[in-house]
Trainee: 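For reference, the structure I am asking about is given below.
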Amino acid sequence: MSTELYIKIEQHVKVNKKKVLLSDIASVHCSNHDIAKELSQLMVLSISGSENGMYAMTFIKIVELVHRKRQDITVVNEGEKDFIIEYTSPADEKIGKGKRPKNTVMEYAKAAFVCLVAFFGAAFTIMTFNMDVSVADLFDKLYLWFMGVEKGGEPSILELSYCVGLPIGIIVFFNHFSRKKLTTDPTPIHVEMRNYEKQINSAIIEDSSREGKTIDVS
């Protein structure tokens with residue numbers, strides 16, 4: 001009776017070593033711990049170039065490599081059938097993981113800024129809704145309330161602030177403002193980002209397959 005080896009590989013795996021072992025890209029489990037330890041050190045990819053790159057590989061290639069070493073093993077796939085290995089040089093990896101000292105004052109300032117934006121944004125939304133979504137009329141009213149005179153035909157600070165603040169708000173909304181979240185649930189932006197990553201991975205795998213660059217069985 002053959003021994004079963006369970007392997008789980010994510011669709012996109014990042015490494016910073018040119019000699020990529022099975023343990024670097026996969027979770028490996030076997031009832032026989034010695035076999036799991038032995039096959040975890042199996043080299044699945046040798047990167048010759050010095051530049052960063054992505055390499056598409058099929059899971060059946062992993063099966064072939066395992067059977068070259070141990071033919072009595074039954075490989076069970078618990079992950080993706082096609083996956084990407086992204087190589088990043090150790091120097092770039094070190095730069096990317098560089099930590100900056102935490103500035104408490106700046107964190108509180110950011111939080112206060114977000115609170116102010118949320119408060120005045122909500123107030124602006126309610127007022128425009130009550131004015132039948134007429135932003136121009138609302139600006140005229142606000143100018144009259146605060147300045148005491150009616151606004152002329154020329155643009156005021158309100159229109160200029162609106163034109164500048166709208167694109168900035170969109171950029172901030174689609175970006176991460178802070179690492180802290182109020183809840184553990186993923187935000188809609190996180191969901192869309194993960195869907196976008198899956199689409200990119202699928203496109204890379206499909207392109208590699210069509211161009212014959214996928215690392216497959218010999």
Side-chain angles (χ1 to χ4, degrees), residues 1-100 174-176 179 181 184-218:
M1 183 179 295
S2 63
T3 303
E4 293 184 341
L5 179 70
Y6 297 89
I7 301 177
K8 181 179 180 181
I9 305 177
E10 301 295 336
Q11 189 178 49
H12 193 137
V13 185
K14 294 184 179 181
V15 297
N16 57 5
K17 300 190 305 182
K18 291 188 176 182
K19 304 295 182 181
V20 183
L21 305 180
L22 183 60
S23 59
D24 296 327
I25 64 171
S27 299
V28 182
H29 174 73
C30 182
S31 58
N32 190 321
H33 296 291
D34 293 334
I35 294 178
K37 184 177 180 181
E38 176 188 359
L39 295 178
S40 294
Q41 302 304 310
L42 181 67
M43 189 173 69
V44 298
L45 178 64
S46 178
I47 301 173
S48 58
S50 58
E51 296 182 356
N52 301 341
M54 295 186 181
Y55 304 86
M57 182 179 289
T58 62
F59 185 81
I60 197 171
K61 179 64 177 180
I62 302 296
V63 177
E64 180 190 36
L65 295 174
V66 170
H67 284 166
R68 285 181 183 177
K69 195 173 186 65
R70 295 287 300 267
Q71 294 185 357
D72 59 327
I73 298 296
T74 300
V75 182
V76 180
N77 183 15
E78 296 292 341
E80 299 288 337
K81 63 178 182 178
D82 299 303
F83 55 93
I84 299 170
I85 299 177
E86 180 180 356
Y87 169 72
T88 305
S89 63
D92 294 339
E93 185 77 11
K94 186 176 181 181
I95 293 174
K97 291 185 178 181
K99 295 182 179 180
R100 295 178 295 180
F174 280 95
N175 197 3
H176 293 284
R179 294 183 178 180
K181 297 190 299 182
T184 57
D185 298 332
T187 64
I189 299 301
H190 281 105
V191 174
E192 291 300 322
M193 288 173 61
R194 298 300 172 262
N195 291 334
Y196 178 67
E197 289 177 359
K198 290 180 180 179
Q199 292 175 1
I200 290 179
N201 294 337
S202 298
I204 294 174
I205 292 172
E206 289 291 338
D207 291 342
S208 298
S209 177
R210 292 179 181 180
E211 296 173 4
K213 296 180 180 179
T214 302
I215 303 173
D216 206 344
V217 291
S218 304

Trainee: Just wondering, do D82 and F59 contact through their side chains at under 4.5 Å, heavy atoms?
Mentor: no
Trainee: Is any side-chain heavy atom of K69 closer than 4.5 Å to one of L39?
Mentor: yes
Trainee: Working to the nearest 0.5 angstrom, can you tell me the gap between T88 OG1 and N52 CG?
Mentor: 5.0 Å
Trainee: Is it the case that atom NZ in K18 sees more than 12 heavy atoms from other parts of the structure closer than 6.0 Å?
Mentor: yes
Trainee: Using the rule given for side-chain contact (heavy atoms from CB on, under 4.5 Å), can you reason through S27 versus I7, listing the C-alpha separation, both sets of side-chain angles and the distance that settles it, and then say yes or no?
Mentor: CA-CA 6 Å; S27 299; I7 301 177; over 6 Å; no
Trainee: Could you check if a side-chain atom of Q11 sits within less than 4.5 angstrom of a side-chain atom of K198, using non-hydrogen atoms only?
Mentor: yes
Trainee: Under a 3.5 Å threshold, yes or no: a donor from one side chain and an acceptor from the other, between D216 and T58?
Mentor: yes
Trainee: Measuring from atom OG1 of T214 to atom CD1 of I84, what distance do you get when rounded to the nearest 0.5 angstrom?
Mentor: 9.5 Å
Trainee: Looking at L22, I85, V15, I25, which one forms a side-chain contact (heavy atoms from CB on, under 4.5 Å) with L45?
Mentor: I85
Trainee: Do you know which two heavy atoms are closest between Q41 and S23, and how far apart they sit?
Mentor: NE2-OG, 4.2 Å
Trainee: To the nearest 0.5 Å, what is the distance between CD on E78 and CG on L5?
Mentor: 10.5 Å
Trainee: To check you understand the geometry: which heavy-atom pair defines the closest contact between K61 and R68, and what is its length?
Mentor: NZ-NH2, 4.1 Å
Trainee: Tell me the closest heavy-atom pair linking A36 and V28, and the distance in Å.
Mentor: O-CG1, 4.2 Å
Trainee: Using 0.5 Å steps for rounding, measure from the NZ atom of K19 to the CG atom of D24.
Mentor: 13.0 Å
Trainee: Side chains of E197 and H12: any donor to acceptor distance under 3.5 Å?
Mentor: no
Trainee: What do the steps show when you test V75 against N77 for side-chain contact (heavy atoms from CB on, under 4.5 Å), and what is the final call?
Mentor: CA-CA 6 Å; V75 182; N77 183 15; 5.9 Å; no
Trainee: Measuring from atom CD of E4 to atom NE2 of H29, what distance do you get when rounded to the nearest 0.5 angstrom?
Mentor: 10.0 Å
Trainee: For S40 and L21: C-alpha separation, side-chain torsions, deciding distance, then whether side-chain contact (heavy atoms from CB on, under 4.5 Å) applies.
Mentor: CA-CA 7 Å; S40 294; L21 305 180; over 6 Å; no
Trainee: State, yes or no, whether a side-chain contact exists between N16 and S89 at a heavy-atom distance under 4.5 Å.
Mentor: no
Trainee: In Å, rounded to the nearest 0.5 Å, how long is the span from CE of M57 to CG of L65?
Mentor: 7.0 Å
Trainee: Examine distances only and state if a side-chain atom of S209 and a backbone atom of I205 form a donor-acceptor pair shorter than 3.5 Å.
Mentor: no
Trainee: Evaluate the side-chain contact (heavy atoms from CB on, under 4.5 Å) criterion for residues V44 and I62: first the C-alpha distance (whole Å), next the side-chain angles of each, then the deciding distance (0.1 Å), finally the verdict.
Mentor: CA-CA 7 Å; V44 298; I62 302 296; 3.8 Å; yes
Trainee: Any ion pair linking E38 and R70 (charged N to carboxylate O, less than 4.0 Å)?
Mentor: yes
Trainee: I'd like to know whether CD1 of I60 has more than 12 heavy-atom contacts from other residues, nucleotides or ligands below 6.0 angstrom.
Mentor: no
